[in-house]
Amino acid sequence: MNSRPLILILEDEEDILELEELHLQNAGFETMGFLSSRGVRQAMEEEEVALMVVDRNLPGIEGSEFVAKLRREGFDQPVIFVTAKDRDDEVEEGFIRGGDDYLCKPFNMNELVWRVKALLRRSGEKEPETLRHRSLVMDLPGRKVERSQQPLSLTRLEFDLLRYFLENPDRVIGRDELLEEVWPDGEDRGEKAVNVAVNRLKKKIESDLEPPYIEAVRGVGYRLC
């Protein structure tokens, strides 16, 4: 049995669907994507779906109407609506028809991941125990990291730094934020300490065979790439 929570995504724009799947997979989730409601009900019956991400503008049926039908049939998985329908009455309608959260387009993909994790916590589902990015795989409970299936030896600070980068992909992270969110008591603090630690981490996780994993953004901080 797969221990990674399965997120079912119903989104009629293929490029958005692919981005949602990529970010959720990198965050440790399994995903199943659909461009229309066709086949969704069967998938819900056959798979252990932990949560649904549903666009309201779908071909053939409005997304919240489809969710309302699933609710009447007994499907109670948490639902996040992701939609351009942002008027107050439309948001209210989404919740009345069975939505548990509501995210208006355009939106930050990282925010979608955060909302998925928050909903799963409230519903009692376990969060992923593995984070992935390109050839990196991080085992959270075991505090182990592999690159291309080869184990890496990281200090506690390096592990926590890498975890923070993996949990915040495609976002520039300032040095002050890293000091606030990652740095343990007793470690050297300050801009120089951050630069030294990140450079040590880069040497351990990067190789000449791949593009860099972490890039410096001048005057600001760093970004996972």
Give the intermediate values and the outcome of side chain to side chain contact (heavy atoms under 4.5 Å, CB included) for residues V54 and I9.
CA-CA 6 Å; V54 181; I9 306 171; over 6 Å; no
Does the salt bridge (charged side-chain N to carboxylate O under 4.0 Å, His left out) test come out yes or no for R97 and E92, once each step is laid out?
CA-CA 9 Å; R97 288 177 173 173; E92 180 184 19; over 6 Å; no
Chi angles and distances behind the side chain to side chain contact (heavy atoms under 4.5 Å, CB included) call for N195, E191:
CA-CA 6 Å; N195 294 341; E191 183 175 310; 3.9 Å; yes
Give the C-alpha distance, both sets of side-chain angles, the deciding distance and a yes or no for side chain to side chain contact (heavy atoms under 4.5 Å, CB included) between L140 and T130.
CA-CA 6 Å; L140 295 174; T130 304; over 6 Å; no
Using the rule given for side chain to side chain contact (heavy atoms under 4.5 Å, CB included), can you reason through L152 versus K204, listing the C-alpha separation, both sets of side-chain angles and the distance that settles it, and then say yes or no?
CA-CA 7 Å; L152 301 176; K204 291 185 178 182; 5.6 Å; no
Is there a side chain to side chain donor-acceptor pair (under 3.5 Å) between R56 and T83? Walk through the geometry before answering.
CA-CA 6 Å; R56 291 188 61 181; T83 175; 5.1 Å; no
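Heavy atoms from other residues, nucleotides or ligands lying under 6.0 Å from CD of E181 number more than 12. For CZ of R38, the number of neighbouring non-hydrogen atoms (other residues, nucleotides, ligands) closer than 6.0 Å is 12 at most. Other residues, nucleotides and ligands place more than 12 heavy atoms under 6.0 Å from the CD atom of E46. For K69, the NZ atom sits in a loose shell: 12 or fewer heavy atoms of surrounding residues, nucleotides or ligands are nearer than 6.0 Å. Around the CG atom of D88, the shell of radius 6.0 Å holds no more than 12 heavy atoms that belong to other residues, nucleotides or ligands. By the 6.0 Å contact criterion, CD on E45 is enclosed, its count of non-hydrogen atoms from other residues, nucleotides or ligands being greater than 12.
Here R163 does not pair with E158 in a salt bridge; the nearest charged N to carboxylate O distance is not below 4.0 Å. Remark: K105 engages D55 in a salt bridge, criterion side-chain N to carboxylate O under 4.0 Å.
Between Y213 and E206 there is a side-chain heavy-atom pair separated by less than 4.5 Å. For the pair I80/M52, no side-chain contact is recorded, criterion being any heavy-atom separation below 4.5 Å from C-beta on. Between Y222 and V194 there is a side-chain heavy-atom pair separated by less than 4.5 Å. In this structure the side chain of V113 never reaches within 4.5 angstrom of the side chain of N26, judged on heavy atoms. For the pair D101 and R115, the minimum side-chain heavy-atom distance is below 4.5 Å. D160 places a side-chain heavy atom less than 4.5 Å from the side chain of R143. In this structure the side chain of M44 never reaches within 4.5 angstrom of the side chain of E73, judged on heavy atoms. In this structure the side chain of K85 never reaches within 4.5 angstrom of the side chain of V91, judged on heavy atoms.
F107 is connected to V116 through a chain of hydrophobic side-chain contacts under 4.5 Å among Ile, Leu, Val, Met, Phe, Trp and Tyr, so both are in one cluster. Under the 4.5 Å side-chain contact rule for hydrophobic residues, I61 and V79 share a cluster. Grouping the Ile, Leu, Val, Met, Phe, Trp and Tyr side chains by contacts below 4.5 angstrom, directly or via other members, places F95 with F66.
To the nearest 0.5 angstrom, T31 atom OG1 is 13.0 Å from H23 atom NE2. Between atom CD1 of residue I205 and atom CE of residue M138 there is a gap of 9.0 Å, rounded to the nearest 0.5 Å. Put simply, CG on L157 and CG on L201 are 8.5 Å apart, with the number rounded to the nearest 0.5 Å. Summarising the geometry, atom CG belonging to L58 is positioned 4.5 Å from atom CG belonging to L10; distances are rounded to the nearest 0.5 Å. In this structure, CZ on R171 lies 11.5 Å from CG on L224, to the nearest 0.5 angstrom. Here the CD atom belonging to E90 is positioned 9.0 Å from the SG atom belonging to C104, to the nearest 0.5 angstrom.
Taking all atoms of both residues into account, the shortest heavy-atom contact from L35 to E11 is CD2-O, 3.2 Å. Residue L8 comes nearest to A43 through the heavy atom pair CD1-CB, 4.2 Å, listed as atom of the first residue, atom of the second, then distance. Residues L161 and A197 share a closest heavy-atom pair of CD1-CB, 3.8 Å. The two residues L120 and P5 make their nearest non-hydrogen contact at CD1-CB, 4.2 Å. Shown here for D100 and P78, the closest heavy-atom pair between the two residues is OD2-CA, 3.2 Å. Of all heavy-atom pairs between R156 and P184, the closest is NH2-CB, 3.3 Å.
With hydrogens and angles disregarded, a donor-acceptor distance shorter than 3.5 Å links the side chain of R71 to the backbone of F75. Although no hydrogens or angles enter the test, the distance criterion places no donor-acceptor pair under 3.5 Å between the side chain of R132 and the main chain of V137. With Q77 contributing its side chain and A50 its backbone, the two residues share no donor-acceptor pair below 3.5 Å. Not a single donor-acceptor pair under 3.5 Å links the side chain of R223 to the backbone N or O of E215. Between the K202 side chain and the I214 main chain, a donor and an acceptor come within less than 3.5 Å of each other. Of the possible polar contacts, none joining the R72 side chain to the V67 backbone as a donor-acceptor pair under 3.5 Å is found. With E13 contributing its side chain and D15 its backbone, the two residues share no donor-acceptor pair below 3.5 Å. Here the side chain of E62 pairs a donor or acceptor atom with the backbone of S64 at under 3.5 angstrom.
Put simply, the residue from E210, E146, R147 that forms a side chain to side chain donor-acceptor pair (under 3.5 Å) with S135 is E210.
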